[in-house]
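Only one structure is covered here, and it is reproduced in the block below.
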Protein chains: 2
Amino acid sequence: MRKTDDVANATAAARSLDEPAYRAAVLDLLGLLANGELASFERLADDAAHAPDISGRLMLSRMAAGELSHIDVLAQHVDRLGGELEAEMLSYADVLGDFDARTVPRDWWERLMKTYVGYGLVLDFQRELGGRLDPETRALVADVLADNGYADYVVSVLAPVLAAEPQLGSRLALWGRRVVGEALGIAQNALVKHPSLGGLLSGGPDDAVEATKVLNRLAGGHARRMDRLGLTA
Amino acid sequence: MRKTDDVANATAAARSLDEPAYRAAVLDLLGLLANGELASFERLADDAAHAPDISGRLMLSRMAAGELSHIDVLAQHVDRLGGELEAEMLSYADVLGDFDARTVPRDWWERLMKTYVGYGLVLDFQRELGGRLDPETRALVADVLADNGYADYVVSVLAPVLAAEPQLGSRLALWGRRVVGEALGIAQNALVKHPSLGGLLSGGPDDAVEATKVLNRLAGGHARRMDRLGLTA
């Protein structure tokens with residue numbers, strides 16, 4: 001447990017959805033989560049359509065639909081807080097920027113790796129933002145961000161292939177670095193453009209310091225994911 | 001009501017899932033339906049990712065997820081009949097052929113029109129096959145093929161635009177003809193490659209005649225869809 005957690009948890013306990021600034025920050029966060037779910041849906045559905053066999057197409061399609069089901073939960077919560085989901089989502093409309101244009105996969109393996117790296121980092125980022133909330137919102141966020149088994153699926157598919165083909169491993173390690181660089185840029189950008197999210201991170205005025213720590217932890221999560229594939233981040 | 005319906009219904013009444021040939025035909029049909037649902041999921045999800053606003057992205061994504069939820073129902077039924085869904089789906093793996101490669105939309109309107117035309121025809125085709133089944137299978141098929149509101153959505157979006165831009169109307173009418181030509185080819189191909197489906201159509205030996213009638217009715221359905229947009233098929 002990090003040293004700052006006690007302070008942060010004490011702050012979180014005092015946070016109430018009746019407090020306007022906190023409420024606005026939560027709405028901002030829910031908008032980010034809804035965008036994340038929609039983007040994950042689209043990415044997994046697109047991967048599904050490119051999967052090499054029926055079994056993979058079905059599995060990835062089902063994961064995609066699972067992501068989408070969370071959006072209704074988020075919409076209800078936004079509604080209870082007096083917001084409107086689409087309006088909250090709109091403020092993140094450009095947050096992905098040209099990520100997809102800059103990371104066009106050349107084959108199925110690069111596609112799998114891109115989603116594994118990007119999706120994993122986006123989940124970690126959202127969890128960072130969801131750790132110091134009021135209990136009600138925290139429970140909702142944990143539910144929305146629950147592991148859907150995607151990472152395990154990728155590891156089970158990719159790890160044996162990589163073990164047999166070191167050259168593919170080198171290529172995908174490089175590719176993973178490129179993807180994570182772009183993804184970290186998106187996370188950083190989101191924090192800069194949405195200062196209220198930074199407030200959720202630290203609960204204090206030193207957002208920049210806390211933001212840097214978050215980005216470091218995200219890089220650590222990426223290294224662990226690469227390690228699961230036997231690759232160096 | 002068509003003259004042949006009395007005969008066909010009488011035949012359907014006699015059909016039992018205990019009869020091996022009929023059972024095999026039903027499994028074949030369920031495999032086709034599952035492919036249809038998966039293809040619809042992928043198409044709607046892809047359209048969602050290209051929709052010009054958040055509202056459209058959400059609506060189309062939800063429709064896509066709705067299609068996918070039917071696959072579990074189909075899988076259960078296949079299982080009850082002693083089959084295996086993925087195996088049944090495999091026999092249709094190439095049925096769409098190069099449909100997508102031959103009908104690449106140039107903009108959002110062509111994309112909407114392609115799904116409207118292709119999806120409508122695929123639904124009509126599947127309904128043709130589902131009309132003369134045993135009551136249990138028929139109920140299941142009707143449920144899976146229930147209207148999801150997609151056609152109404154397209155008409156509500158496209159009709160006002162077309163009314164204001166006759167040139168776009170001419171272009172989309174031509175485009176619709178190209179898409180439906182390719183889609184009819186797919187339906188015809190499915191009937192040729194899966195003779196058991198033809199058996200579901202007619203219940204008799206004159207499959208070729210019945211198949212022609214089916215294709216004519218599909219063309220009629222297409223004409224009605226174009227008419228809803230104020231376009232000539």
Side-chain angles (χ1 to χ4, degrees), chain A residues 30-76 78-79 83-96 99-101 104 111 115 148, chain B residues 30-76 78-79 83-96 99-101 104 111 115 148:
Chain A
L30 297 177
L32 174 76
L33 293 181
N35 269 291
E37 295 297 310
L38 188 56
S40 298
F41 167 81
E42 289 171 355
R43 170 131 318 283
L44 290 169
D46 195 37
D47 287 357
H50 288 84
D53 52 41
I54 289 264
S55 167
R57 280 172 71 197
L58 282 173
M59 166 171 272
L60 291 171
S61 298
R62 283 173 170 143
M63 283 183 188
E67 295 298 322
L68 198 74
S69 67
H70 295 141
I71 289 196
D72 295 329
V73 179
L74 291 168
Q76 284 162 22
V78 167
D79 195 54
E84 205 274 312
L85 186 73
E86 290 182 22
E88 296 301 333
M89 290 179 77
L90 262 183
S91 70
Y92 291 96
D94 299 324
V95 84
L96 284 179
F99 177 70
D100 275 327
V104 177
R111 178 179 278 274
T115 303
N148 72 349
Chain B
L30 297 177
L32 175 75
L33 293 181
N35 269 292
E37 296 297 310
L38 189 56
S40 298
F41 167 80
E42 289 170 355
R43 171 132 316 286
L44 290 169
D46 195 38
D47 287 357
H50 287 83
D53 52 40
I54 289 263
S55 165
R57 279 173 71 198
L58 283 173
M59 167 171 270
L60 291 171
S61 297
R62 284 174 169 142
M63 282 183 189
E67 295 298 324
L68 199 75
S69 68
H70 296 139
I71 289 196
D72 295 329
V73 179
L74 290 168
Q76 284 162 22
V78 166
D79 194 54
E84 205 274 311
L85 186 73
E86 290 183 20
E88 296 301 334
M89 288 178 78
L90 262 182
S91 69
Y92 291 96
D94 300 324
V95 83
L96 284 179
F99 176 71
D100 274 328
V104 176
R111 178 179 278 274
T115 304
N148 71 349

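Only heavy atoms go into these numbers, but all of them, side chains included; no hydrogens, no water, no symmetry mates. Sequence lines set the chain letters: A, B, ... in the order given, protein chains first and strands last, and positions in each chain run from 1.
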Heavy-atom check, side chain of R62(B) versus side chain of L68(A), under 4.5 Å: yes

When L85(A), I71(A), L58(A) are compared by non-hydrogen pairs under 4.5 Å with chain B, the top option: L58(A)

Rounded to the nearest 0.5 angstrom, the CG-CG distance for N148(B) and L44(B) is 7.0 Å

Where do E84(B) and V78(B) come nearest, in terms of heavy atoms and distance? N-CG1, 3.4 Å

With a 4.5 angstrom heavy-atom cut-off, is it the side chain or the backbone of R43(A) that approaches chain B, or both, or neither? neither

Looking at A45(A), A48(A), S55(A), which makes the most heavy-atom pairs under 4.5 Å with chain B? S55(A)

For A34(A), which atoms come within 4.5 Å of any heavy atom of chain B: side chain, backbone, both, or neither? neither

On a heavy-atom basis, which atom in I54(B) and which in E86(A) lie closest, and how many Å separate them? CG2-CG, 3.9 Å

For the interface with chain A, which of S61(B), G66(B), S69(B) has the highest count of heavy-atom pairs at distances below 4.5 Å? S61(B)

Are E42(B) and R57(A) close enough that some pair of their side-chain heavy atoms sits under 4.5 Å apart? yes

Shortest non-hydrogen contact between A65(A) and A65(B), atoms and distance: CB-CB, 4.1 Å

Would you mind checking which part of N35(A) comes under 4.5 Å of any heavy atom in chain B, side chain (CB onward), backbone (N, CA, C, O), both or neither? side chain

Under a 4.5 Å cutoff for heavy-atom pairs, which residue among D72(B), L90(B), D53(B), D46(B) has the most contacts with chain A? D72(B)

